[in-house]
Amino acid sequence: MNARMLPTNPLMKITPRPEQVFVRGTGAYLFDSAGRVYLDWMQGWAVNCLGHAPGVVAEALSRQAATLINPSPAFYNQPALDLASWLVAHSCFDQVFFTSSGAEANEGAIKLARKWGKMHKAGAYEIISFVNGFHGRTLATMAATGKAGWDTLYAPAVPGFVKAVYNDLESVRALLGPHTVAVMLEPVQGEAGVIPADRAFMQGLRELCDAENVLLIVDEVQTGCARTGELFAYQQYGIQPDIMTLGKGIGGGVPLAVLLAREAVCCFEYGDQGGTYCGNPLMCAAGLAVMQTIGTPDFLTGVRQTSAALRAGLLNLCEQFGLEGVRGAGLLLALQLGRPLAREIVASALEEGFLLNAPRPDILRFMPALNSTAKEISQGLGMLEALLQRHL
Ligand SMILES: *Cc1c(COP(=O)(O)O)cnc(C)c1O
């Protein structure tokens with residue numbers, strides 16, 4: 001089976017895909033229909049935090065699938081209650097709302113902030129987000145996103161969003177006004193090329209939001225769930241946000257995302273928010289298995305050690321090849337090539353059996369499984385060295 005053998009492509013044209021059809025995955029590796037093996041450092045865009053087909057997720061899914069898949073979002077179910085309790089116990093938040101995608105969780109965050117503005121801040125509705133930020137592909141989250149061209153792609157854009165400059169507190173201050181209800185940001189801008197927020201910026205935002213009675217929303221769809229070496233990235237900044245969203249890693253590969261908020265902000269009333277699959281026990285059982293696995297001190301220590309090994313190897317490559325540098329946090333790291341070679345390197349890596357991502361023409365992004373072994377990290381570094389040798 002090969003996608004090119006089909007007479008016409010039955011899938012809509014949304015992204016140029018290579019011809020491989022992937023049929024199996026285990027841990028750090030994917031296999032295609034021709035039996036070729038690939039070391040995967042994309043892992044579904046930081047989704048498969050425990051690698052491909054992790055036993056704990058497969059087991060939780062099969063057990064729950066044989067027990068209860070969908071009682072209806074109008075009823076309680078045990079996995080949703082258990083996962084919500086786990087998240088509340090391990091974060092600064094008091095209540096959660098489950099969704100199926102990160103965009104939908106962010107959409108919920110935007111609604112919750114606007115509702116709070118209506119109730120507690122004289123109808124304030126405007127959200128300050130950031131140039132080059134990424135929050136999803138629904139109409140409202142596209143408006144929150146700071147990607148060039150996205151304001152006109154499906155015009156008219158949802159109103160109520162203005163863009164500040166990341167890591168520039170003054171640019172936020174300049175946009176604040178009586179209509180401002182929230183500031184929304186990623187602790188590490190992922191799609192922008194893996195740019196972490198400075199500690200002073202994040203702490204300054206918290207102070208500014210407190211002083212102005214504005215909510216602070218962190219989009220941790222990519223940075224949450226141990227990706228940066230803490231359970232949640234906000235914990236590295238010594239601040240407490242008012243609202244957080246999770247996605248990607250929490251499901252370990254299945255569609256699950258979460259909106260979390262502190263008690264004072266939880267102002268939805270019956271009928272304000274909902275969705276057919278919100279909190280379904282099948283996905284929540286997977287999420288609970290993931291969080292119980294990644295949430296232990298030993299696991300987090302392992303992520304930090306693996307991150308240090310990967311970072312050290314990347315820094316060596318920087319020195320060896322005269323590259324610009326390494327940035328990011330935990331196992332969300334990027335190599336700054338200093339020249340626009342990232343896309344051709346990604347293409348030859350695929351031929352070599354190595355899956356990489358280039359969010360920008362000069363940036364390679366690495367999102368390996370959080371439980372990657374030392375051997376897998378050195379295998380990837382070795383492949384990267386050979387690729388750089390060839391392309392530089
Ligand atoms: C991936 C991502 C989203 C969107 O999540 P989906 O599940 O694709 O809707 C939102 N915010 C950030 C920071 C992301 O990385």
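These numbers come from a predicted model, not from an experiment. Counting begins at 1 with the first residue of the sequence.
- Using a 4.5 Å cut-off on side-chain heavy atoms (C-beta onward), Y237 and D198 make no contact.
- Judged by distance alone, with hydrogens and angles left aside, the side-chain atoms of Y234 form a donor-acceptor pair with the main-chain N or O of C92 at under 3.5 Å.
- Judged purely by atom type and a 3.5 angstrom limit, N132 has no side-chain atom pairing as donor or acceptor with the backbone of A192.
- You'll find the side chain of L112 stays beyond 4.5 Å of the side chain of L215, heavy atoms only.
- In terms of the salt bridge (Lys or Arg N to Asp or Glu O under 4.0 Å) criterion, residue partners of R63 (sequence neighbours excluded) are, by chain and number, E59.
- Side-chain contact between I127 and V181: present, with at least one pair of heavy atoms (C-beta onward) separated by less than 4.5 Å.
- For the ring-ring contact (aromatic ring centres under 6.0 Å, His included) test, no residue two or more places apart in sequence or in another chain qualifies with F98.
- Ring pair W86/H90 is parallel by interplanar angle, where below 30° counts as parallel and above 60° as perpendicular.
- Each of F161 and V218 belongs to its own hydrophobic cluster when Ile, Leu, Val, Met, Phe, Trp and Tyr are linked at side-chain heavy-atom distances under 4.5 angstrom.
- Between M184 and I243 the shortest side-chain heavy-atom distance does not fall below 4.5 Å.
- Every side chain to side chain contact (heavy atoms under 4.5 Å, CB included) that D210 has, sequence neighbours left out, goes to R206.
- In this structure the side chain of F232 reaches within 4.5 angstrom of the side chain of L246, judged on heavy atoms.
- The side-chain heavy atoms of N70 and Y277, taken from C-beta on, include no pair separated by under 4.5 Å.
- Both L83 and V56 are assigned to one and the same hydrophobic cluster, defined by single-linkage of ILVMFWY side chains at heavy-atom distances under 4.5 Å.
- In this structure a side-chain-to-backbone donor-acceptor pair under 3.5 Å is missing from T180 to E126.
- Among residues at least two apart or in separate chains, salt bridge (Lys or Arg N to Asp or Glu O under 4.0 Å) pairs with a member in residues 160-172 are E170-R173.
- Within the structure, salt bridge (Lys or Arg N to Asp or Glu O under 4.0 Å) contacts touching residues 211-233 (residues at least two apart or in different chains) are E230-R304.
- With a 4.5 Å cut-off on side-chain heavy atoms, L11 and R17 count as touching.
- Of the N and O atoms on the side chains of Q43 and H52, at least one donor lies less than 3.5 Å from an acceptor on the other residue.
- Hydrophobic clustering of Ile, Leu, Val, Met, Phe, Trp and Tyr side chains at less than 4.5 Å, counting indirect connections, keeps Y29 apart from Y38.
- Side-chain atoms of T306 come within 3.5 Å of backbone atoms of G302 as a donor-acceptor pair (strictly under, hydrogens ignored).
- A 6.0 Å sphere centred on CD of Q235 holds more than 12 heavy atoms belonging to other residues, nucleotides or ligands.
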Query raised in the report: What's the verdict on side chain to side chain contact (heavy atoms under 4.5 Å, CB included) for Q189 and F134, showing C-alpha distance, side-chain angles and the deciding distance?
Result: CA-CA 7 Å; Q189 280 192 334; F134 182 79; over 6 Å; no

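- Between E186 and Q222, the side chains place no donor N or O within less than 3.5 Å of an acceptor N or O (distance only, hydrogens not considered).
- Residues forming a side chain to side chain contact (heavy atoms under 4.5 Å, CB included) with S348 (at least two apart in sequence, or on another chain): L387, R390, H391.
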